[in-house]
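The chains referred to below are lettered A, B, ... by the order of the sequence lines, with proteins before strands, and numbering in each begins at 1. Because the structure is predicted, anything quoted here is derived from the model rather than measured.
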Amino acid sequence: MKFSNFFIPTLKESPSDVKMRSHDLMIRSGMIRQETSGIYSWLPLGFRVLKKIINKIELFHDIDNVNQILMPTIQSSEIWKTSERYDTYGKEMLRITDRNNKDLLYGPTNEEMITVIGKQYIKSYKSLPRKFYHIQSKFRDEIRPRFGVMRAREFIMKDAYSFDLDETNGEITYHDFFNLYLKIFNNLDIPVVPVRAPSGEIGGNLSHEFHLIVESGESEIFIKDDVFNKKYDDLSLKELINLESYTDDYFKKINEKSGFNSFKSIELGHIFLFGSKYSDSFNFVVDSHEGKFKPFMGSYGIGVSRIPAAVIEYSNDSNGIIWPKNISPFMVHLINLLHDDTECLEFCEKIYKDLIKKKIEVIYDDRSESPGKKFSDADLIGIPVQIICGKAFKKHNEVSLIHRANKKETYFKSENILNSLIDILGENV
RNA sequence: CGGGGAGUAGCGCAGCCUGGUAGCGCAUCUGUUUUGGGAACAGAGGGUCGCAGGUUCAAAUCCUGUCUCCCCGACCA
């Protein structure tokens with residue numbers, strides 16, 4: 001992609017009402033635009049990041065035989081009355097009335113709807129287990145939206161739902177999702193820590209959240225030191241249940257509080273095995289050789305649109321964003337400092353085409369801006385590797401490579417740059 | 001919802017107290033010169049001062065109402 005063809009409205013100055021680092025950088029790098037309180041448009045650069053994240057999530061869910069579906073954003077009030085959440089969900093639920101005076105709502109979550117879908121088609125124990133997910137906008141009318149997409153009212157969530165024969169099988173599914181989440185966050189270069197969350201309204205249920213520890217986080221979690229030494233994906237179900245890391249709500253309820261440290265964090269995922277709450281209220285009954293039973297259910301969420309902000313929050317410097325390779329909107333930021341020079345231009349065009357041929361995602365700054373502007377835009381946008389073609393190319397036939405993360409600059413003979421680049425990118429991809 | 005702040009050009013702000021031609025920086029456009037860290041000079045365009053009402057000869061400025069946004073707390077991915 002050429003910079004001149006890509007809409008990246010970068011800003012030099014911060015908007016006055018922005019307080020969080022990631023929010024500021026997302027606005028200034030032209031990733032997002034606020035429409036109204038807690039509601040955002042994703043501009044091309046931001047949407048590219050979002051799609052990277054979504055692609056990874058889809059990939060790993062599909063591998064795990066979780067079936068992707070797409071449920072509507074608008075739901076009928078009927079099913080929420082059936083589950084008795086229409087009244088209890090409160091003002092967080094955005095309620096809408098259509099022209100026929102029918103009560104609708106913008107879905108804050110989809111347990112009711114997925115239960116209705118399960119009930120209609122799943123009649124036999126032979127059809128279980130069954131796992132579904134979808135990636136869709138949600139609306140929760142937060143009391144106070146803030147920090148950009150970190151706490152938005154409309155946001156994109158990946159929510160998955162499972163139907164199992166009974167609690168034992170439900171726990172196996174839960175354990176699978178636990179490991180699936182670790183795999184996903186690991187692959188997104190996000191070092192999350194799993195923490196135990198309070199069981200819900202029904203006793204004996206299981207719930208974990210996945211947190212990214214950052215100073216500016218809104219959540220607080222409590223963890224014993226040895227938890228950090230564990231390989232979370234090696235844990236048995238019993239071990240993960242006994243993991244000594246807790247959300248603040250959970251921590252309040254435990255007795256032995258010594259040995260824990262508290263951390264500020266951002267919640268990125270939440271898995272929850274809640275049992276037959278919804279199969280009960282919807283009378284979702286399945287036949288088996290041992291008679292009729294209500295499927296055991298779980299739900300599993302990832303705050304998709306929060307992830308870019310969370311990543312920026314822990315990966316930035318005074319110049320801008322530093323994208324991890326797996327989420328970065330591009331891999332290489334090619335900068336032509338001498339756009340009026342024919343040789344330099346031809347060289348950049350050639351490298352640009354070669355990179356595209358090699359399927360290396362490249363943003364090529366071909367604009368007639370000053371060097372300073374190009375450098376600062378590049379640092380702000382935060383692509384992992386910058387290739388600079390300028391004076392050194394004219395003098396010594398050299399171009400330089402700058403690692404965004406540490407700003408180290410290395411010069412290469414221009415004919416070697418492509419192969420060197422492929423080597424360097426190959427290291428961690 | 002309680003407490004605090006703010007709405008003036010695309011963005012950041014000054015002007016308001018003490019009413020009298022709507023301003024500055026950045027951005028944009030034109031031209032010339034620049035080109036390894038947000039270039040320089042010269043010129044240009046752009047605002048019914050959030051909205052409604054009131055006071056006044058006269059309102060960005062004073063009064064009343066209203067809408068919106070942000071910040072601090074309790075909810076959440």
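- Residue A:Phe155 and nucleotide B:rA77 are classified as a stacked aromatic pair, their ring centres being separated by less than 5.5 Å at an interplanar angle below 30°.
- With both pairing distances under 3.5 Å, B:rC16 is matched to nothing as a Watson-Crick or G-U wobble pair.
- Between the side chains of A:Tyr161 and A:Asp159, at least one donor N or O lies within less than 3.5 Å of an accepting N or O.
- Distances shown here put a side-chain N or O of A:Ser37 below 4.0 Å from the OP1 or OP2 atom of B:rC70.
- Between A:Lys408 atom NZ and B:rG37 atom C1' there is a gap of 20 Å when expressed in whole angstrom units.
- Protein atom CZ of A:Arg144 is 11 Å distant from nucleotide atom C1' of B:rG3, rounded to whole Å.
- Atom CD1 in A:Ile381 sits about 19 Å away from atom P in B:rG37, given to the nearest Å.
- B:rA44: Watson-Crick or G-U partner is B:rU28, with both key distances under 3.5 Å.
- Remark: A:Lys373 engages A:Asp377 in a salt bridge (charged side-chain N to carboxylate O under 4.0 Å, His left out) (not counting sequence neighbours).
- As the counterpart of B:rG65, B:rC51 is assigned, both hydrogen-bonding distances of the Watson-Crick or G-U wobble pattern falling under 3.5 Å.
- Aromatic ring orientation, A:Tyr89 versus A:Trp80: perpendicular (interplanar angle above 60°, classes split at 30° and 60°).
- Rounded to an integer number of Å, the gap from CG of A:Asp377 to P of B:rG36 is 17 Å.
- With a cut-off of 3.5 Å on both Watson-Crick or G-U wobble distances, the partner of B:rC1 is given as B:rG73.
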